[in-house]
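What follows is a set of notes on a single structure, which appears directly below.
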Amino acid sequence: MKMKYLKDVTTLAFHAERCVGCGLCAEVCPHGVFHVESGKAQVVDKDLCMECGACKMNCPEEAIEVNAGVGCAVAIIMSWITGKEPSCGCSDDGGCC
Amino acid sequence: MSTGDCCCEANNSCCSNKAVKTVSTTLTFEDICGAWKARWGIGRMDYIVNPGLYAVGSPNSDSPVLVSANYKLTFDTLRKNLSGLDCWLLILNTKGVNVWCAAGKGTFGTDELIYQIKAVGLSETVTHRKLILPQLGAPGVRAHEVRKSTGFSVMYGPVRASDIKTFISSGYKATKEMRTVKFTLWDRLVLTPMELVESAKVSLMVFGVLFLLNLVAVRPFGLEDFLAYAASVFIGAVVTPALLPVIPGKAFAFKGWLLGAIGTACIAWSYGWFSSPFLLLGVGYMLVLPAHSAFLAMNFTGASTYTSPSGVLKEMKIAIPLIVFSFVVGMLLILMKTFMG
């Protein structure tokens, strides 16, 4: 069973006009959000996106935008306290991931 | 973090040695013990191997190069899946963090990969110009930049190390199945000890405060209270993660609250906390404990493999005010019972 999180929250945006169909986005996405057909990528199911940023990092044409980050409540709480960007607290004394 | 120490149990040569170390594809009893300890958070941040180049089997200049992280649990999982293969392992310095988390932080990243390729002189070790990276390293690596600055082209392999042999033997092709992250019951269960250890640390502080309150209490906290509390921890940190896909709702906090409410209601009922002299206690715990389970379950978003930061933020904005309100009101009711009997 494919687990799904909240609907309509992802910041993923795909600019099809810039896509050259290299297919790397479909290759790196851990949840099968992209599918490449006849030389163009398309977003199959946006709500499966976990905003890891792999597609954006590896798109050579910068056709993908997403506010990538960690989907971790502890990291977000820590960022509220310290005022820094949310990040897994692994470097301190354990906790996350 | 002990960076200077030797930590590659796989053989006895020392780390400063420039020669490439050969690693075994069988795990020893110590490796398995070490993995168990890391899962329980014992020495977890120092469970590392040295970055650099390793050999599996007897690789030559044509053999594939696999890139991975220097968390020993990651390193061991990888090498135990490479039996019978001749290949090179290029281990990046991710500061003892697994590939996916390190890619998110950027330590498993373009710069570190370029640095290690040059540091180990990879272009002299192998004649081909291909690297196999774990797919989950992709959030940290720009494949096209690596190729531009080193000449090595990056190929993303499967998500799981157990699929690497099939990936290589099928001519570097990964099926959709190999490309998809799962979150099986077992995947979730191995993460729960860490959740328990984290909540145990907080629990010790709670017990300290309750002990002090007991000195002046009319109705001191006892075994029954402890069991009800322990159940809320177990429900939030173990049961909710284990049953995650079958619990109704999408938000983790809601799932934790729901199971917490059912669990607390059963316990409170069996102790008779819903009848007159204890009603304050029963209602108080119904407000405090499910909220506690909800909070612990919400924290499991960090261990899950499918929650987006935007989603978690949305969940938290709704859940945290409710959790705090419920917790505070419930605590007041319990303290009324504690001090007025």
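Quick caveat, the model's predicted, so the values are computed rather than measured. In what follows, chains carry the letters A, B, and so on, assigned in the order in which the sequence lines appear, proteins first and then strands, with residues in each chain numbered from 1.
- Contact annotation for residues 132-139 of chain B against chain A (heavy-atom separation below 4.5 Å, listed by residue number): B:Gln135, B:Leu136, B:Ala138, B:Pro139.
- Summarising the geometry of A:Phe14 relative to A:Ala41, their closest heavy-atom pair is CE2-O, 3.1 Å, with the distance given to 0.1 Å.
- Note on B:Thr110, B:Leu244, B:Val141: by heavy-atom pairs under 4.5 Å with chain A, the leading option is B:Val141.
- Side-chain contact between A:Cys72 and B:Val312: absent, with no pair of heavy atoms (C-beta onward) separated by less than 4.5 Å.
- At a 4.5 Å heavy-atom cutoff, the contact between A:Ile77 and chain B is made by backbone and side-chain atoms alike.
- Only the side chain of B:Phe295 comes within less than 4.5 Å of a heavy atom of chain A; its backbone N, CA, C and O stay farther away.
- Other residues, nucleotides and ligands contribute more than 12 heavy atoms inside 6.0 Å of the CD atom of A:Glu17.
- The main-chain N or O of B:Val238 is never found under 3.5 Å from a side-chain atom of B:Glu195 such that the two would form a donor-acceptor pair.
- For residues 50-61 of chain A, the interface with chain B (any heavy-atom pair closer than 4.5 Å) comprises A:Met50, A:Glu51, A:Cys52, A:Gly53, A:Ala54, A:Lys56, A:Met57, A:Asn58, A:Cys59, A:Pro60, sorted by residue number.
- At least one side-chain heavy atom of B:Phe300 sits less than 4.5 Å from a side-chain heavy atom of B:Leu191.
- A donor-acceptor pair under 3.5 Å links the side-chain atoms of A:Thr82 to the main chain of A:Met78, judged by distance alone.
- Proximity to chain A among residues 174-186 of chain B is limited to B:Arg179, B:Thr180, B:Val181, B:Phe183, judged by heavy-atom separations below 4.5 angstrom.
- Although no hydrogens or angles enter the test, the distance criterion places a donor-acceptor pair under 3.5 Å between the side chain of B:Lys255 and the main chain of B:Gly249.
- Residues of residues 31-40 of chain A lying under 4.5 angstrom from chain B, judged on non-hydrogen atoms, are A:His31 by number.
- A heavy-atom distance below 4.5 Å is found between the side chains of B:Pro64 and B:Tyr172.
- Proximity to chain A (any heavy atom under 4.5 Å) is shown, for B:Glu315, by both the backbone and the side chain.
- Chain B forms more heavy-atom pairs under 4.5 Å with one residue of A:Lys4, A:Glu27, A:Lys7 than with any other, namely A:Glu27.
- Put simply, of B:Phe252, B:Trp100, B:Tyr306, the one with the most heavy-atom pairs under 4.5 Å next to chain A is B:Tyr306.
- Heavy atoms closer than 4.5 Å to chain A are found in the side chain of B:Met316, but not in its backbone.
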